[in-house]
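A short worksheet on the structure shown next.
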Number of protein chains: 2
Amino acid sequence: MHQPSRLQQDLANRIVALVNDDGLAVGALLNENGLARRLAVSRTPVRGALRYLEDQGIVARRPNRGVELVAIPPKAQVAPAEDHDEWLVRIARDQRSGSLPQEITEGEVMRRYGLNRASVQRILSRLAELDMVERKAGYGWRFLAGTRDRATHDESYRFRLLLEPAALLEPGFHLEGAWIEAMRRRHEETLARPWQESSSVAFFEMNADFHEGLAAASNNRFIHAAIRHQNQLRRFSQYDWKFGFERVVVNCREHMEILDHLARNDREVASLLLRRHIERASLIRASGTDPG
Amino acid sequence: MHQPSRLQQDLANRIVALVNDDGLAVGALLNENGLARRLAVSRTPVRGALRYLEDQGIVARRPNRGVELVAIPPKAQVAPAEDHDEWLVRIARDQRSGSLPQEITEGEVMRRYGLNRASVQRILSRLAELDMVERKAGYGWRFLAGTRDRATHDESYRFRLLLEPAALLEPGFHLEGAWIEAMRRRHEETLARPWQESSSVAFFEMNADFHEGLAAASNNRFIHAAIRHQNQLRRFSQYDWKFGFERVVVNCREHMEILDHLARNDREVASLLLRRHIERASLIRASGTDPG
DNA sequence: GATTGTTCTATCTCACGATGAAATACAATA
DNA sequence: TATTGTATTTCATCGTGAGATAGAACAATC
């Protein structure tokens, strides 16, 4: 029983998603060539993914005939094998908590977290893209924590105020009805479920998906990319944020009101509401609770 | 006579700049520790840079006493050793011209351009940040040329329209008088000099510096970063662009009018003019001359 | 004829060691 | 005592080769 590679795990998940999308029933035969074409890879990793699913009892090989679906696969088959993002968050947190020095070498990071050099370089490069760290002149890296978090917060909100409301008014704007519905359900569920500290991350991600989804709907790739970037930045400074439930309620209500107007294609009002929503969020988060 | 390293060349240039800024005269003694502190590196590379300047007859060592300035250093000592950017431009051009296949492996790029793997990975990663290329699932990379260049052009201009005029109205906006003056001079020189095809790149860079300078003056790091990013993108698609001189004249006039208003701190009019300027540029460049 | 099974080649990733350069500590000198 | 000269240590980059995996071609089976 081979350990599946990163790509194979990924493909396994995507195959499960395809099976769901296609509405296949137990007993259906999967086709290696077809899957390979749809997934834009060769047959080899597809076979690896299928072998992995076989180990899990999702499919069964029928020699020379195909691969039969023998169980309805659960939605999130495997945790989407952990990304570098985990490390980004962890390192950013360690730095904020003071357990990492402000200046650091690649080797130190390698030893400290037990990573190989290539991974460390990728991670530090990504942190550099986010302006959380910079290369020192000779060698080593320097955290820019001091300069962030102070003025940055306001600049970020002003930046978003310029883009997000305008996104809804872009000529190419188009939002799928299904997206609106799914998003509304997620908000309702968040409101219905009992609140606990650990919901913070899920709440943050719902929030990020809401704003990113609207930006994506603008069909302007630069607006979309800019908002995605903002979300990444906020992810670092706010994962530790402890939201009070009152704040969650207000936030969801505002989001849902915007969704209502968008469902009726009333983009102008939605844009205004979104502007106010961001302005309010800016004030609340600026009021000092943020532990950043 | 050792060949100076990349860092040492860089430091040599910065030392020359410091000497100029400090207004030091011939005969002044430079101090290794002080330079190392100001340049945020250790003494070792500073010594390398000084040895390099010594070879050029700019300074002379006085054993155990210091390093004496013996000549007024010319402004641009050494061409700032070539960046990866050269390769980005070249590869982007090769791809557009069709001499690169749409899908390509790292190894092919290595062989073709005689680069080592690390460099190729850096270059491809940067192209990926610019959405000019993406990683394929298994291995290899795929150029995204087809999707760019068509709608992208409009989206880019609309994106800039949202940010650049607003940049001038940011609360933290502040523009140095010296910057305005220097920029005005560059524009005057461009208009005065006889125009030739080869001026295209210089004209583009002046243009980019103008827009980026205004974005930087907003003192909003996100606006600044976004515009810098836009400039990088445009650099690839427009380096080959052949500007007619009429267009150059109009462009410079519009820029200078904006500078005039900014010199009087009339930001609102400047913002309006900037909006119109971008709108016009959008139309002209969309009219089909662009060979992208 | 289409699909899976098998084999072979090409490509990437990782680890190791050599090399050159930067950082640091210490000695020498004004 | 401050500054340069010298030696040692630490670090990052580059090249190489082994191992794993993706891609592609061919054979076998229904």
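Throughout, a chain's letter reflects where its sequence line sits, starting with A, and its residues are numbered from 1. Hydrogens, waters and symmetry mates are skipped; everything else that's a heavy atom, side chains included, is used.
- Within residues 31-50 of chain A, the residues that place at least one heavy atom under 4.0 Å from DNA chain C are, in residue-number order, A:N31, A:E32, A:N33, A:R43, A:R47.
- Between A:D10 and A:R6 there is a salt bridge, since at least one side-chain N of the basic residue sits less than 4.0 Å from a carboxylate O of the acidic one.
- Here B:Q3 does not reach the OP1 or OP2 of C:dG20: none of its side-chain N or O atoms lies under 4.0 Å away.
- Among the protein residues, B:R61 comes within range of the sugar-phosphate backbone only, with heavy atoms under 4.0 Å from sugar or phosphate atoms but none that close to a base.
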Given side-chain contact (heavy atoms from CB on, under 4.5 Å), test A:I91 with A:I123 step by step and report yes or no. CA-CA 9 Å; A:I91 290 177; A:I123 290 170; 3.9 Å; yes

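- A:Q121 comes within contact range of the sugar-phosphate backbone alone, with a heavy-atom separation under 4.0 Å but no base atom that close.
- A salt bridge links A:R235 with A:E205; the closest basic N to acidic carboxylate O contact falls under 4.0 Å.
- Between the CG atom of A:N116 and the P atom of C:dC12 there is a distance of 18 Å, given to the nearest Å.
- Looking at heavy-atom distances under 4.0 Å, A:R135 makes contact with sugar-phosphate atoms alone, never a base.
- For the pair B:L11 CG and C:dA21 P, the computed distance is 14 Å after rounding to whole Å.
- B:L30 comes within 4.0 angstrom of the backbone, heavy atoms only, and of no base.
- One finds a salt bridge joining B:E32 and B:R61 here, because a Lys/Arg side-chain nitrogen approaches an Asp/Glu carboxylate oxygen to under 4.0 Å.
- Nearest-nucleotide positions on DNA chain D place A:R111 closer to the 5' end than the other of B:G138 and A:R111.
- Of the residues near DNA chain C, B:L7 and B:M110, the one whose nearest nucleotide (by heavy atom distance) lies more toward the 5' end is B:M110.
- Salt-bridge check for B:D21 with B:R14: failed, with every basic side-chain N at 4.0 Å or more from each acidic carboxylate O.
- When only modelled atom types and interatomic distance are considered, B:T105 and B:E108 share a side-chain donor-acceptor pair under 3.5 Å.
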Show, in sequence, the C-alpha distance, side-chain angles and deciding distance for A:N33 and A:R43, and conclude whether the side-chain contact (heavy atoms from CB on, under 4.5 Å) test is met. CA-CA 6 Å; A:N33 281 311; A:R43 267 178 60 211; 3.0 Å; yes

Take A:Q8 and A:Y52 through the side-chain contact (heavy atoms from CB on, under 4.5 Å) test and state the conclusion after the steps. CA-CA 8 Å; A:Q8 289 170 13; A:Y52 176 51; 5.9 Å; no

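- A donor-acceptor contact closer than 3.5 angstrom links the side chains of A:N116 and A:S119.
- In this structure, B:K136 places its NZ atom 12 Å from C1' of C:dA10, rounding to the nearest Å.
- Nearest-nucleotide mapping onto DNA chain C: of B:Y139 and B:P63, the residue sitting toward the 5' end is B:Y139.
- Residues A:L30 and A:L35 meet the side-chain proximity criterion, which asks for heavy atoms closer than 4.5 Å.
- Heavy-atom nearest nucleotides on DNA chain D were determined for A:G107 and for B:N64, and the one closer to the 5' end corresponds to B:N64.
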Could you walk me through whether B:F143 and B:E134 pass the side-chain contact (heavy atoms from CB on, under 4.5 Å) check? CA-CA 6 Å; B:F143 281 98; B:E134 73 178 2; over 6 Å; no

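- Bracketed by its first and final contacts, the part of DNA chain D lying under 4.0 Å from non-hydrogen atoms of chain A reaches from D:dT10 to D:dT29 in 5' to 3' order.
- Axis angle across the helix from C:dG1-D:dC30 to C:dA30-D:dT1, with five pairs used at each end and values rounded to 10°: 30°.
- One interatomic measurement links the two molecules: CZ of A:R51 to P of C:dG5, which rounds to 12 Å at whole-angstrom precision.
- In terms of phosphate contacts, A:R117 brings no side-chain nitrogen or oxygen within less than 4.0 Å of OP1 or OP2 of C:dC14.
- Using modelled atom types and a 3.5 Å distance limit, the side chains of A:S156 and A:R234 yield no donor-acceptor pair.
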